[in-house]
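First the structure, in the form of structure tokens, and then the observations on it.
Lettering of chains follows the sequences in order, A, B, ..., and the numbering in each one begins at 1.
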Amino acid sequence: MAQGSEHRYDFSAIERKWQKKWEQEATYRVEERSDKEKYYVLEMFPYPSGRIHMGHVRNYTIGDVVARYKRLRGYNVLHPMGWDAFGLPAENAAIKHNTHPAVWTLSNIDYMRDQLKLLGFSYDWSRELATCLPEYYRWEQRLFIEMYEKGLVYQKITTVNWCESCQTVLANEQVVDDACWRCDLPVVQRSMSGWFFRITDYAEELLDELDNLSGWPEKVITMQRNWIGKSTGLHCEFPIVDSELSLAIFTTRPDTIFGVTFMSIACEHPLLDELISGSEYEQAVRAFVEKTTTEKIRRNLSEEPEKEGVFTGRYCINPFTNEQIPIYVANFVLIEYGTGAVMAVPAHDQRDFEFARKYQLPIRAVITEDGNTIDTDQMDEARTEPGILTQSGHFDGIDSITAQHRIVAHAQEKNFGRAQVTYRLRDWGISRQRYWGAPIPMIHCPSCGVVPAALEELPITLPDDEPHSKSDCAPLSQRPDFIATTCPRCQEPARRETDTMDTFVESSWYFARFACPLSKEPLDTQQADYWLPVDQYIGGIEHAILHLLYARFFTKVLRDLGYINVSEPFANLLTQGMVIKDGAKMSKSKGNVVDPDDLLSQYGADTVRLFSLFAAPPEKDLEWNDQGVEGAHRFLNRLYRAITICVQKVAEDEVVETTDVSDRIIHRKMHQTIKKVQSDIEANFHFNTAISAIMELFNLTSEERTTHRFSRPALRQCYQTILVLLYPMVPHFCSEMWHLLGNTTELEQQTWPEYDDEAAREELLTIVAQVCGKVRSRLQVPAGISDDTLQEMVLADANVQRFIDNKPIRKVIVVKNKLVNVVV
RNA sequence: GCGAGAGUGGCGGAAUUGGUAGACGCGCUGGUCUUAGGAACCAGUAUCUGAUGAUGUGUGGGUUCGAGUCCCUCCUCUCGCACCA
């Protein structure tokens, strides 16, 4: 190794040199300009957890290649980086180390910024932002208030998982075995007021515009479409017997409404109390509700509990049949969806069927294949397909689809129902009872009620001193200094809102702030209009739904608030695969974590980047392989030595006896490579095949010693091209080699080489000769050969003759420039 | 259960519109140079076979002169959704 080191390039000196130069010269700083087309490439910004992991390395390497490539292609490229810096880990670390979350977070950011710089990513660091800083979240608070004034923000009471000991709300995934994940004490259900964004107002647009996102993976679009979950159907009122009230239901199958035999409502249904209080059924129902709610928290999400329910003792009336329908409370009815009440049609819905069989409720089939009645006793499952109506009054004989429309129309006419669209998507609850988040800028005044903070008062900042100790987990609500304020309307003493915002809020608009990081408004419209939308967004598939949906929602809100003029934030989306090792996701517990710092000191950034790109196409998982990294490093060293030798020989003015043929070979391969690399990048960012093409070209140059003799200028030109093609992936190395070859300009100023189709064309083709579809021979022929001549040559070939074996030739198929198949 | 995607050497992965399967890299084998080599370089490397040849892209079938690629059957794996009325 010691002796061999002279054959190895000094990556650490080279990388340091170029990183320093890029930093000093602010090479990647950009501004809006009219003479160049803009290109905005963005990678999902990281949570500053402490150090960069291999997933980041991969993600940001891909983004950097795109950025550098697009610059060579003449674009004005915006490539920013920042920090998704609010969140629970900082709070936990603060409790553990008895410091302020800001201290932990900011020092993590410093460390990770250095790591990113060591990797040589071409960010415009002047635009860096951290969401935990008041200079960022003040604008978010402003947007919150503007959204509030537009009616897009509201408060409502919801049931939440509550930990008494921690005095905080827990997300479902923080409830482990019915207990708090942190203190292990039991979790209770509690009604709490929380703040919500009215994302459902945008449900239709969020759904519609999915069709225009041609640059997004189909998988992500499908996931979002399912998440929004639009369905159309009938909203219908069933009057309750002995009451002024009626029970509202939503159904997507109005054609089955004559088959209703009972009604199921959710445990949390608002009318339930009224239906049962004082009745003989009350006790049993309440017991059932209690049992169901506790089971709901405890239950393993992967299994579906058996359908259960209990009769409420009350009836409602099917307005279509005027029949009395018993009302049940059932464990499978969701309060969050539709109206929280379901008309049960056991013959045509599997859940209702199971429920009816269990409690021996009647089953009435009203949809059959031919419109004849069937014996429901014989059914062993619900019949859910559409068909012809029967036992449905004057709708008999009509097909399901037509009947759906007519039944809705009928309900509308008679005034007990209407057509309705229902979404699975629910409003976005953004309240968090946490310390390390952006404070919600609202004030509770005893006389004026809920009032937004005055804009001049923003930012509402978090207290500077340490947030809390272990015994005191309810952060802002326990800080009299934070809470105390005056009402902006009546100037009387009032209380600040103590909830902070979901951290998804920060990441919902950071991409727009990058366009105008210093703006004294939430956004500078002119700058944002220039840069938005993001042309290429790159990140993990794990954000396919929430982050991307929220960002799309915010973009539309920002548009409607007049800040920007685009409706969609990300024109193209690339979801890269995970980095795995030994077939599994890297994790401390598995002991298969690769530390980027170790790799950087051992091989340098260029090698790490090269391997990350070479080992797999970006959308697939990448299997990390130490020997593969070694291989990538070897390739760079080989290239280094070849160029060094070439430079020496040029300096010595070595004359090589060359032939035009050899030079033409390398010239041709060079143009083929440019074409291949360019199309691999443009089509789908398949850097792995682009790199392998460059390796092939380089392998050809090193055949010099054995097969070919290339002239110095030809060889030099070839190396030059290799350096430009490789530059986006391996920028320090290529910049250095570029100078070594005697260039005085910088690679950054280079333009991507033009390929020449004419020069790339092969002169000699290898034609495959088949007999009956089996390869029997290969022929070298000149490119322009006619089919007839080719056919003659193939038939004359000795091996082909041997397999024809004097049998009569039935047919000869000639595929231009490819093959000839002789069928006998 | 529903939906989507994927199954190619020892490994990561390549293969326009159906037209040379295994590019490129790793690993492995042999060699050269060396005191040595885990360096560098050269040669080889799907399987079976003495070569000629035969077989080969998860399984079984089909279309075709020709199928990794198109159609059908089944198997396996991964991901997403999972009582959404």
Side-chain angles (χ1 to χ4, degrees), chain A residues 1-8 217-220 222-223 226-227 229-231 233-234 249-253 256 264 301-307 330-334 336-345 348-352 354-355 422-426 541-542 544-545 577 583 610-611 614-617 619-632 634-635 637-638 641 679 683 686 688-696 698-699 702 705-706 766-778 799 802 810-824:
Chain A
M1 184 76 166
Q3 272 188 352
S5 67
E6 67 201 65
H7 301 290
R8 292 185 167 224
E218 199 51 50
K219 182 187 168 82
V220 176
T222 308
M223 283 164 75
N226 293 340
W227 188 260
K230 176 180 178 172
S231 36
L234 170 70
I249 58 98
F250 169 75
T251 178
T252 56
R253 291 296 302 274
T256 64
S264 319
L301 288 165
S302 62
E303 63 193 51
E304 224 168 72
E306 197 187 335
K307 285 164 189 48
N331 64 345
F332 62 91
V333 180
L334 307 171
E336 309 91 349
Y337 183 77
T339 60
V342 181
M343 66 175 213
V345 186
H348 305 296
D349 181 286
Q350 188 56 27
R351 293 156 300 188
D352 298 342
E354 286 167 32
F355 194 88
T422 298
Y423 299 93
R424 182 183 174 280
L425 179 71
R426 300 202 277 275
I541 187 76
E542 65 272 20
I545 298 179
L610 185 64
F611 178 74
F614 180 60
E619 72 279 5
K620 284 186 65 171
D621 285 351
L622 184 157
E623 171 77 32
W624 196 264
N625 178 324
D626 296 333
Q627 286 164 326
V629 179
E630 196 76 51
R634 269 205 296 267
F635 170 71
N637 279 309
R638 274 207 304 277
R641 282 192 299 272
S679 75
H686 276 198
N688 58 329
T689 48
I691 292 168
S692 94
I694 296 169
M695 286 174 166
E696 278 187 58
F698 174 65
N699 289 347
S702 41
R705 280 167 304 230
T706 50
T766 305
I767 300 295
V768 172
Q770 295 183 330
V771 179
C772 291
K774 301 214 173 198
V775 180
R776 296 305 179 187
S777 184
R778 294 189 169 88
N799 222 28
R802 196 156 67 82
R810 278 206 300 151
K811 200 165 160 188
V812 178
I813 292 140
V814 180
V815 180
K816 207 151 196 57
N817 299 340
K818 284 249 163 67
L819 98 177
V820 176
N821 187 10
V822 181
V823 187
V824 297

- Query: Heavy atoms under 4.0 Å, any strand shown: does A:Val342 hit a base, just sugar-phosphate, or nothing?
  - Reply: base

Review point. Counting only side-chain N and O atoms of A:Arg638, is one of them less than 4.0 Å from OP1 or OP2 of B:rA39?
Key: no

When rounded to the nearest Å, what value does the distance between C1' atoms of B:rG10 and B:rU29 take? 13 Å

Re B:rC65: Watson-Crick or G-U wobble partner, both distances kept under 3.5 Å, found to be B:rG19

To the nearest angstrom, the NE2-C1' distance between A:His348 and B:rA85 comes to 14 Å

To the nearest angstrom, the CG-P distance between A:Asn226 and B:rG5 comes to 13 Å

Of B:rA15, B:rC84, B:rG12, the nucleotide closest to the side chain of A:Phe614 is B:rG12

Quiz item: With a 4.0 Å cut-off on heavy atoms, is A:Gly631 in touch with a base, just the backbone sugar-phosphate, or nothing at all?
Solution: sugar-phosphate

Taken to the nearest whole Å, CZ/A:Arg426 to P/B:rC81 is 14 Å

Which of B:rA40, B:rC84, B:rC24 is nearest the side chain of A:Arg641? It is B:rA40

Checking N1-N3 plus N6-O4 or O6-N4 for Watson-Crick, or N1-O2 and O6-N3 for wobble, each under 3.5 Å, the partner of B:rG50 is none

Out of B:rG53, B:rU20, B:rC84, minimum distance to the side chain of A:Tyr337 belongs to B:rC84

Contacts of A:Glu336 meeting salt bridge (Lys or Arg N to Asp or Glu O under 4.0 Å) (sequence neighbours excluded), chain-then-number -> none

The answer to which of A:Asn799 and A:Lys307 contacts RNA chain B further toward the 5' end, by nearest nucleotide, is A:Asn799

For a 4.5 angstrom cut-off between non-hydrogen side-chain atoms, does A:Gln770 reach A:Ile813? no

- B:rC75 versus B:rG13 - spacing of their C1' atoms, nearest Å: 24 Å

Note: for A:Lys219 and A:Leu819 on RNA chain B, the residue whose nearest nucleotide lies more 5' is A:Leu819

**Request:** For A:Gln770, answer base if it contacts any base atom (sugar-phosphate contacts may also be present), sugar-phosphate if it contacts only those atoms, and nothing otherwise; contact means non-hydrogen atoms under 4.0 Å.
**Result:** base

Checking B:rA85, B:rA21, B:rU52 against the side chain of A:Arg802 (C-beta onward), the nearest is B:rU52

Per atom distances to the A:Arg424 side chain, the nearest of B:rC65, B:rC84, B:rG13 is B:rC84

Re B:rC84: Watson-Crick or G-U wobble partner, both distances kept under 3.5 Å, found to be none

Looking only at B:rA14, B:rC24, B:rU20, the nucleotide nearest the A:Asn699 side chain is B:rC24

Mind checking whether A:Arg351 and A:Val342 have side chains closer than 4.5 Å, heavy atoms only? no

Practice prompt. Identify whether any heavy atom of A:Lys774 sits under 4.0 Å from a base atom; if not, whether one sits that close to sugar-phosphate; answer base, sugar-phosphate or nothing.
Written response: sugar-phosphate

Separation of B:rU52 atom C1' from A:Arg776 atom CZ, nearest Å, is 11 Å

Atom CH2 of A:Trp227 and atom C1' of B:rA4 are separated, to the nearest Å, by 17 Å

**Prompt:** How would you label the contact of A:Val812 with the nucleic acid (heavy atoms, under 4.0 Å): base, sugar-phosphate, or nothing?
**Reply:** nothing

Show your reasoning for whether side chain to side chain contact (heavy atoms under 4.5 Å, CB included) applies to A:Arg802 and A:Val771.
CA-CA 10 Å; A:Arg802 196 156 67 82; A:Val771 179; over 6 Å; no

- Remember a base hit wins even if backbone is also touched, and classify A:Arg634 as base, sugar-phosphate or nothing at under 4.0 Å, heavy atoms. sugar-phosphate

Applying the 3.5 Å cut-off to both distances, the Watson-Crick or G-U partner of B:rA36 turns out to be none

Of the candidates B:rC26, B:rU20, B:rA40, the side chain of A:Thr766 sits closest to B:rU20

Of B:rC83, B:rU20, B:rG53, the nucleotide closest to the side chain of A:Arg778 is B:rU20

Handout entry: Pairwise C1' distance for B:rG18 and B:rC33, with rounding to whole Å
Key = 49 Å

Given the 90°-from-0 boundary between syn and anti, B:rG9 should be labelled syn

In whole angstroms, the gap separating P of B:rA23 from NE2 of A:His686 amounts to 19 Å

Which part of the nucleic acid, if any, lies within reach of A:Thr422 when heavy atoms closer than 4.0 Å are counted: base, sugar-phosphate only, or nothing? nothing

Exercise. Rounded to whole angstrom, note down the C1' distance from B:rG58 over to B:rU76.
Key: 7 Å

- What does A:Asn821 touch in the nucleic acid at a heavy-atom separation under 4.0 angstrom: a base, only the sugar-phosphate, or nothing? base

(Q) Counting the atoms with a prime plus P, OP1 and OP2 as sugar-phosphate, which does A:Asp621 contact under 4.0 Å by heavy atoms, base, sugar-phosphate, or nothing? (A) sugar-phosphate

### Query
Step by step, would you call A:Leu622 with A:Phe611 a side chain to side chain contact (heavy atoms under 4.5 Å, CB included)?
CA-CA 10 Å; A:Leu622 184 157; A:Phe611 178 74; 4.3 Å; yes

If you compare every side-chain N and O of A:Asn688 against the phosphate oxygens of B:rC24 (OP1, OP2), does one of them come in below 4.0 Å? no

Value for CZ (A:Phe250) from OG1 (A:Thr422), rounded to nearest 0.5 Å, stands at 3.5 Å

For A:Glu218, the salt bridge (Lys or Arg N to Asp or Glu O under 4.0 Å) test, sequence neighbours excluded, returns none

| field | Whole-Å C1' distance, B:rA21 and B:rA46 | value | 10 Å

Looking only at B:rU16, B:rA15, B:rG27, the nucleotide nearest the A:Gln627 side chain is B:rG27

#### Entry: Pairwise P distance, B:rU17 and B:rA6 [rounded to whole Å]
14 Å

key: Lys NZ or Arg CZ of A:Lys307 over A:Phe332 ring: under 6.0 Å, within 45°   = yes

Closest to the side chain of A:Ala615, out of B:rU20, B:rA23, B:rG12, is B:rG12

Here the distance between atom C1' of B:rA14 and atom CD1 of A:Ile694, to the nearest Å, is 16 Å

Atom CE of A:Met223 and atom P of B:rG5 are separated, to the nearest Å, by 14 Å

Q. Expressed as a whole number of Å, how far does the P atom of B:rA23 sit from that of B:rC11?
A. 15 Å

For A:Val815, does its backbone N or O pair with a side-chain atom of A:Asn821 as donor and acceptor, under 3.5 Å? no

Scanning all shown strands, the Watson-Crick or wobble mate of B:rU76 with both distances under 3.5 Å is B:rA6

Base, sugar-phosphate alone, or nothing: which one does A:Thr252 contact when heavy atoms must sit under 4.0 Å apart? sugar-phosphate

Query - Separation between the C1' atoms of B:rG7 and B:rG60, rounded to whole Å - result: 16 Å

As its Watson-Crick or G-U partner within any shown strand, both distances under 3.5 Å, B:rC28 has B:rG44

Quiz item: Is the closest side-chain donor-acceptor distance between A:Asn637 and A:Arg634 under 3.5 Å?
Solution: no

